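What you see below is based on every heavy atom in this structure, not just the backbone, and it leaves out hydrogens, waters and symmetry mates. Because the structure is a prediction, the values reported are computed rather than measured.
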Amino acid sequence: MNGKIVGIGLLAVAVIAGGGMWYLQEYHFYDRLPPADTLTVQTAAGPATLPVTGFLGIDADSSPLRWRACAVLAEQPLDPVPFGGATPLGAPGWFDCFDHGQLTADLASGAARAVLSQAEIRPDVDRVLAIYPDGRVYGWHQYNDKTPERGVMD
């Protein structure tokens, strides 16, 4: 009988701890960003500030990689710096405008192109944007390795 009580107690503690960890990762650490009117894109001529509509963004202080954004560009950037090896990272399930699986597939197929928004937004982290021909744009932070094919030179 005592073994059952201990087993049930351990199981209850594991379920509570797992639920708490899930909540912290999905909700607690993220903050919604205030609406933005512009996004920056690196071009051959230097940084270009482009107007956007419908901006939705999230970020967290717990990691430099948690920034995500969705918006629509008013105009396409001229000669943006490409970002080779772009790998969209997952977003919390409740931030449903950002689908990293679809972005990954669209970048691989050429339906979207990855461009450098800001190099070294934090040490060794770049801001990357996936831009679609219809103006949709999705952004995330990604570790860089400072190589020319990523658009960043030593």
Side-chain angles (χ1 to χ4, degrees), residues 14 16-154:
I16 291 169
M21 190 177 307
W22 171 81
Y23 173 80
L24 290 173
Q25 292 300 314
E26 282 289 312
Y27 295 98
H28 181 73
F29 291 113
Y30 285 98
D31 294 317
R32 290 187 186 270
L33 296 174
D37 297 331
T38 61
L39 284 173
T40 301
V41 176
Q42 297 299 318
T43 69
T49 303
L50 301 174
V52 298
T53 58
F55 179 88
L56 296 173
I58 58 174
D59 199 1
D61 293 332
S62 61
S63 169
L65 299 179
R66 291 190 180 233
W67 185 86
R68 305 285 186 283
C70 308
V72 177
L73 289 172
E75 60 188 66
Q76 291 286 329
L78 298 175
D79 202 16
V81 174
F83 192 92
T87 308
L89 304 174
W94 56 266
F95 192 64
D96 56 3
C97 75
F98 192 94
D99 182 350
H100 78 282
Q102 185 66 51
L103 284 169
T104 301
D106 289 348
L107 289 169
S109 72
R113 61 185 170 151
V115 300
L116 179 63
S117 173
Q118 288 181 262
E120 299 291 317
I121 193 91
R122 294 194 185 169
D124 299 325
V125 175
D126 293 337
R127 181 169 288 171
V128 182
L129 300 176
I131 300 176
Y132 286 82
D134 63 2
R136 290 177 294 144
V137 61
Y138 302 90
W140 66 93
H141 287 176
Q142 181 172 326
Y143 284 118
N144 64 47
D145 63 4
K146 298 182 184 177
T147 60
E149 61 269 10
R150 291 205 188 263
V152 181
M153 302 287 283
D154 279 334

Practice task
Identify the residue among Pro80, Pro77, Ser117 that makes a side-chain contact (heavy atoms from CB on, under 4.5 Å) with Ile131.
Solution key: Pro77
Practice task
List for me each residue that meets side chain to side chain donor-acceptor pair (under 3.5 Å) alongside Asp61, sequence neighbours excluded, and say none if there are none.
Solution key: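 Checked Asp61 against side chain to side chain donor-acceptor pair (under 3.5 Å); zero matches.
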Does any part of the side chain of [Y], heavy atoms only, come nearer than 4.5 Å to the side chain of [X], both counted from C-beta?
X      : Y      : value
Phe98  : Leu89  : no
Asp126 : Leu116 : yes
Tyr30  : Phe95  : no
Trp140 : His100 : no

Problem - CH2-CG distance between Trp67 and Asp31, expressed to the nearest 0.5 angstrom - result: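 Here the interatomic distance stands at 15.0 Å.
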Exercise for the section: Output the distance between atom OH (Tyr132) and atom CD (Gln76), rounded to the nearest 0.5 Å. Expected result: 12.5 Å
Donor-acceptor pair, distance only, cut-off 3.5 Å: does the side chain of [X] make one with the backbone of [Y]?
X      : Y      : result
His141 : Val125 : no
Gln118 : Thr40  : no
Glu120 : Asp124 : yes
Asp134 : Arg136 : yes
Arg68  : Leu65  : yes
Thr49  : Pro47  : no

Practice task
Return yes when atom CG of Leu78 has more than 12 non-hydrogen atoms of other residues, nucleotides or ligands closer than 6.0 Å, and no otherwise.
Solution key: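 Atom CG in Leu78 is not packed in, count stays at 12 or less.
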For [X] and [Y], which heavy atoms make the closest approach, and how far apart are they?
X      : Y      : answer
Gly139 : Leu129 : CA-CD2, 3.7 Å
Leu107 : Ala86  : CD1-CB, 4.2 Å
Phe55  : Ala69  : CE1-CB, 3.6 Å
Glu75  : Leu50  : OE2-CD2, 3.8 Å
Val137 : Val72  : CG1-N, 4.2 Å
Tyr138 : Cys97  : CE2-O, 3.2 Å

